[in-house]
Structure formats: structure tokens, C-alpha cells
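Order of appearance sets the numbers: ligands from 1, and atoms from 1 within every ligand. Everything numeric here is computed off the predicted structure, so don't read it as measured data.
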Amino acid sequence: MPRPILTADRMRAAEQAAIEGGTSVETLMDRAGTALAEAVHRLAGTGDTLILCGPGNNGGDGYVAGRKLVERGHRVRVAALAPPASAACVAAASRWDGETVTFEQASPSPILVDCLFGTGLTHGLEATVSERLSDLAKSASSAIACDLPSGVGSDDGRCLSPVPAFDMTVTFGALKPAHRLMPALPSMGRVVLADIGIDASSTWFEIGRPEVPALAAAAHKYSRGYVAVLAGEMSGAASLAASAAARSGAGYVRVIGDGLFQGLPASVVVGGKLGLLADDGRIGSVLIGPGVGRGAGAKALLQAALDCGKPLVLDADALNELGANPTGMSDAILTPHAGEFARLFPGLDGTKPEMTLQAARNSGAIVVSKGPDTLVASPDGRLGFAPPAPSWLASAGTGDVLAGIISALRARGMDAFDAACAGVWIHGRAAELAGPLMIADDLISELPAVLA
Ligand SMILES: NC(=O)C1=CN([C@@H]2O[C@H](COP(=O)(O)OP(=O)(O)OC[C@H]3O[C@@H](n4cnc5c(N)ncnc54)[C@H](O)[C@@H]3O)[C@@H](O)[C@H]2O)[C@H](O)CC1
Ligand SMILES: [K+]
């Protein structure tokens, strides 16, 4: 089951609904603090632990976790940044009878737990506070953040003050957008989601391992998925995309273009007239973009693709040819990187989730907003957040490979949104297998292992 993602406001609404359903804040906090303590103990084992507590309920979680960790044999010190302010934090602090030090006095500890601020953060931490937090986190063997690393904006992933890197972040009920958005993403460490009895259903979610349709026994090469790749003058990109489609289970891949397509698997067919796109009902998806270039030739290819009535995947220069603010693109999949997104959808503002959803609504297409924090948006409001992908994916040709993977999954019968989410997940997993020195071609050779 994919992990749900909620903004701070929607998390608070879900929390409120639980409270109105009869679960007290104290109970929720007790569950949160207990889950936090469990995760800390499991990660770091028994040891000297310093818990930094803020004045609100994030701090309250810390006082509860402190009690639970003492029960597990930890030596725990609590450093209060400020006196408890929220009622639940006051109650939790009153039940803490262990060692308390001032924030300034707090000395480094092998285990550090940051319970200063969570979804209630309204502005950056004072410099002295963020510096102290960073020093304590850096000198700890295990640094764990409660709900969010303090200083991170929960809905947009901005770092409102410098944020140290944590080994783990323990969050409650649902992930927050910041857990999967830059620039906060590298600070999170492993994100653990604790169920504290809140109904946190959401149309926003973290993309999980996909269920790719099995190949039917009676399948023949066309029904297994027939991908047509429209290529322009730069044949290398189209070759990568077509090879990726072939390695992603498409039964038949055809490249239509004039280039010399080196390095293609022998199974990929090269040649054919543009009229094929509309005439051949067996074509399951049409990919245009990788290597299509700009100018009259590209415009003609794009128009043929737009007119053919087949499921489309548009990437790279096809997106530039499409022009700003496209509409009526229903059922198409657009895969812009940040620069292409800004050109395609100028003038949008808000968080990356909000802008990607708005782009999907305006265009009618599934929009894959690529980056270290790739998002997949549907006009119906669904928003998939990619799990962390290796930084080495940022290399030439990897976008062509992603477009090829998505085109194959689309041709194999997945609907546009599911094919885009699955492609993003498979792409990231293939990169993990390929390792840090990979080039785009290596990604392709890892695809069978990921899809097996
Ligand atoms: N969502 C849930 O189901 C549960 C969440 N829990 C925890 O509650 C916090 C959110 O608690 P909240 O009291 O709303 O806010 P914070 O504790 O994050 O912030 C405290 C308080 O601090 C003030 N403040 C904000 N920014 C700053 C700043 N830069 N400097 C100083 N003071 C600041 C502001 O007044 C805030 O209200 C959530 O993260 C979870 O950890 C529940 O415990 C369990 C259920
Ligand atoms: K925190």
C-alpha cells in the first residue's frame, strides 16, 4: 500500500477528526512518542540519548519518547528550548521526571532526537538554535528527527534555516510533502511512518513498487505492446528510448525517422511512414521527443503524433515544440524536466506539488515533473511522489530511457497515470542496480532485473 502524503493543514484536519472521533490529543501524542522511542531504540540500540524539546506538540512527543526510552534502559537527558506551551506538551512534560538541562547546557550525546519543531514551524530557527542543532546532530552517532527535521517547511520542503542531515525521520499518520521534496530531501535519512490511529487517506502518495500487467499466455508481439518512436536528426536519444521500451517488455518497437540508429537491439524495427501512426490500430503508444530536434521537421512529426489518436508520450524537444500552456492533451503523458516545465507552464506559482497539479489540470495530461524529487500529477488530483532516486541518475540520456520505459508500460495496457508512476519507480530502481558510475545505456541493461 503506497504511503499517504498530507500537507500540514490536512494532517491537522485528520488529527482533529480523530480527536472528534474520541481519541484525545494526549493519546495521539503518547502513540507518537512511543513509536518514536521504538524507532530510535531499533536504530541506535540502548545508549545515552539527548532529546531536544520545543514548546509545542513536537516537543510533547519528545517528553513521551524520553519516558519510553528510560524504560528501555537509555540514559536520557531532555533539553528544553522553551517552556512547554501547548496543553498536550505541558501535560507530557509534567510526566517527565528524568534529567532536564537547558538547551544551552546540552552537551553532545551518541543519540540525538530532534523534537524542537514539526508541522507547526512558522519561520526559520534563530541562528544560535540552528547552529546548536547542527553541532549536536553532527556529533551524534545516530541523529533522529521527530516528524520533520526542525527548520523544514512541511509542505514545500524549503529549509527555513540551515538543517543538518539526519539518519532517520519518524513521522506520524502520513508522510508530509517535505519528506519527498528538495531541498529538504537529503536531510531526512530513512523516513519511518508510524501509524497512530489517524485516518490519513489522501490522493497524494509516495510511489511504491508497481504491479506491471503480466504477459498474457496468448500474447503476441503486438498485444504485448507496440511502441512507435518518432525520431529526428539526433538518433542517439531515440535509440536509447527505443531500446528502453524494448527492454521494458514491449512486444514490438518501431523507430520512424531518417537517422542512423546505432546500438539498437536487432528486434527493434527501423523505418515506416508517418501514416502508419493513424492507420495501424495495433500501435499502443507513440513516443516523440528524444532526439526529435527543433524546426520544421520536428513540427511535422509532432503534428502527426497529435493527430494520430494514439496514447502519446511527449518528452524533450517535443515539449519545446508543443509551446506554452498546452490544452486538450487528455491521456497524453508529458515528461518535462525543470527547465522544460518552466517553459511549458510559465507563470504558475506555489509549491512544486501545487504547480505540477495545476499543469496537469490546465493541460489535461499526466505531467511527470522530473528532478531529484520527481512528481507525477493527474488532472483528477492524484499526485505521486517518487521515492528517493540515486543522484547519479542526473546524466545524459536517462530522460530518454524514462520516456521509453513509460511508453512501453503504456503500450502494455497500463493507464497513463499508472504507467508514468510505474516508469518513474522502475527508472529509479534500475539506477540503484546500475550503480554510481552508470551511463544511460547501463540503465537499460538493468531493466529486465527490475521488471522480472
Ligand atoms: N499530526 C498528528 O497526528 C500528531 C502530531 N503530533 C506532533 O505535533 C507536531 C505539531 O505540533 P504543533 O504544536 O502544531 O507545532 P510544533 O510543535 O511543530 O511547533 C511548536 C510551536 O512553536 C512555535 N514556533 C514555530 N516556529 C518557530 C520558530 N522558528 N522558533 C520558535 N518558535 C516557533 C509555534 O508557536 C508552534 O506552535 C507535529 O509535528 C507532531 O510531531 C502529535 O504529537 C501527535 C499527533
Ligand atoms: K523535529
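- Scanning the protein heavy atoms around atom 6 (N) of ligand 1, the nearest turns out to be Asp61 OD2, 3.8 Å.
- Nearest protein heavy-atom contact of atom 45 (C) of ligand 1 is Ile196 CD1, 3.6 Å.
- A heavy-atom distance below 4.5 Å is found between the side chains of Ser150 and Leu133.
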**Asked** Can you check side-chain hydrogen bond (donor to acceptor under 3.5 Å, both in side chains) on Arg412 and Ser248, steps first, answer last?
**Response** CA-CA 9 Å; Arg412 289 180 60 180; Ser248 298; over 6 Å; no

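- Under the 4.5 Å side-chain criterion, counting only non-hydrogen atoms from C-beta, Leu344 is not in contact with Val367.
- For atom 22 (O) of ligand 1, the closest non-hydrogen atom on the protein side is Phe117 CE2, 3.3 Å.
- At a threshold of 4.0 Å, the pair Glu38-Arg72 counts as salt-bridged, since one of the basic side-chain nitrogens sits closer than that to a carboxylate oxygen.
- Residue Ser86 has no N or O atom closer than 3.5 Å to an N or O atom of ligand 1.
- Residue contacts with ligand 1 include Gly124, since one of its heavy atoms falls under 4.0 Å from the ligand.
- By the criterion of a heavy-atom distance under 4.0 Å, both the backbone and the side chain of His123 are placed next to ligand 1.
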**Request:** Show your reasoning for whether side-chain hydrogen bond (donor to acceptor under 3.5 Å, both in side chains) applies to Asp48 and Ser109.
**Result:** CA-CA 6 Å; Asp48 283 9; Ser109 180; 5.5 Å; no

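- The N/O atoms of Glu15, backbone and side chain alike, include one that comes under 3.5 Å of an N/O atom in ligand 1.
- At a heavy-atom distance under 4.0 Å, atoms from both the backbone and the side chain of Thr119 approach ligand 1.
- Per-residue contacts place Leu121 under 4.0 angstrom from the following atoms of ligand 1 (heavy atoms of the residue considered): 18 (O), 25 (C), 26 (N), 29 (N).
- Backbone or side-chain N, O or S atoms of Cys115 do not reach the K ion (ligand 2) at under 3.4 Å.
- A salt bridge links Arg429 with Glu432; the closest basic N to acidic carboxylate O contact falls under 4.0 Å.
- Between Leu36, Leu28, Asp30, it is Leu28 that holds the heavy atom closest to atom 44 (C) of ligand 1.
- Among heteroatoms of the N, O or S kind in Asp114, O lies nearest the K ion (ligand 2).
- At least one N, O or S atom of Leu148, from either the backbone or the side chain, sits less than 3.4 Å from the K ion (ligand 2).
- Summarising the geometry, atom CD belonging to Glu446 is positioned 12.0 Å from atom CG belonging to Asp441; distances are rounded to the nearest 0.5 Å.
- Of the protein's non-hydrogen atoms, the one nearest atom 9 (C) of ligand 1 is Asn58 N, 3.6 Å.
- Of the polar atoms of Gly118, at least one N or O is found under 3.5 Å from an N or O of ligand 1, judged by distance alone.
- Heavy atoms of Leu148 found under 4.0 angstrom from ligand 1: none, in either backbone or side chain.
- Here Val129 has no heavy atoms under 4.0 Å from ligand 1, in either its backbone or its side chain.
- For atom 26 (N) of ligand 1, the closest non-hydrogen atom of the protein is Thr122 N, 3.0 Å.
- Shortest non-hydrogen contact noted between Pro379 and Ile366 is CD-CD1, 4.0 Å.
- Residue Pro149 does not count as close to the K ion (ligand 2), with no N, O or S atom under 3.4 Å.
- Using a 4.5 Å cut-off on side-chain heavy atoms (C-beta onward), Arg67 and Asp30 make contact.
- In terms of modelled atom types and a separation under 3.5 Å, the side chain of Thr7 and the main chain of Asp155 share no donor-acceptor contact.
- Take the K ion (ligand 2) as the corner point: the lines to O of Cys146 and to O of Phe117 open at 100°, to the nearest 10 degrees.
- When only modelled atom types and interatomic distance are considered, Thr398 and Ser395 share no side-chain donor-acceptor pair under 3.5 Å.
- No side-chain donor from either of Asn58 and Asp61 sits under 3.5 Å from a side-chain acceptor of the other.
- For atom 3 (O) of ligand 1, the nearest protein heavy atom (residue, atom name, distance) is Ile198 CD1, 2.8 Å.
- Side-chain atoms of Pro346 and Asn325, non-hydrogen and from C-beta on, do get closer than 4.5 Å to each other.
- Ranking protein heavy atoms by distance to atom 15 (O) of ligand 1, first place goes to Gly120 CA, 3.2 Å.
- The closest protein non-hydrogen atom to atom 11 (O) of ligand 1 is Asn57 CB, 3.3 Å.
- Within a 4.0 Å radius of atom 39 (O) of ligand 1, the protein contributes at least one heavy atom.
- With Thr356 as the partner, the side chain to side chain contact (heavy atoms under 4.5 Å, CB included) test is satisfied by one option alone out of Gln358, Lys352, Glu354: Lys352.
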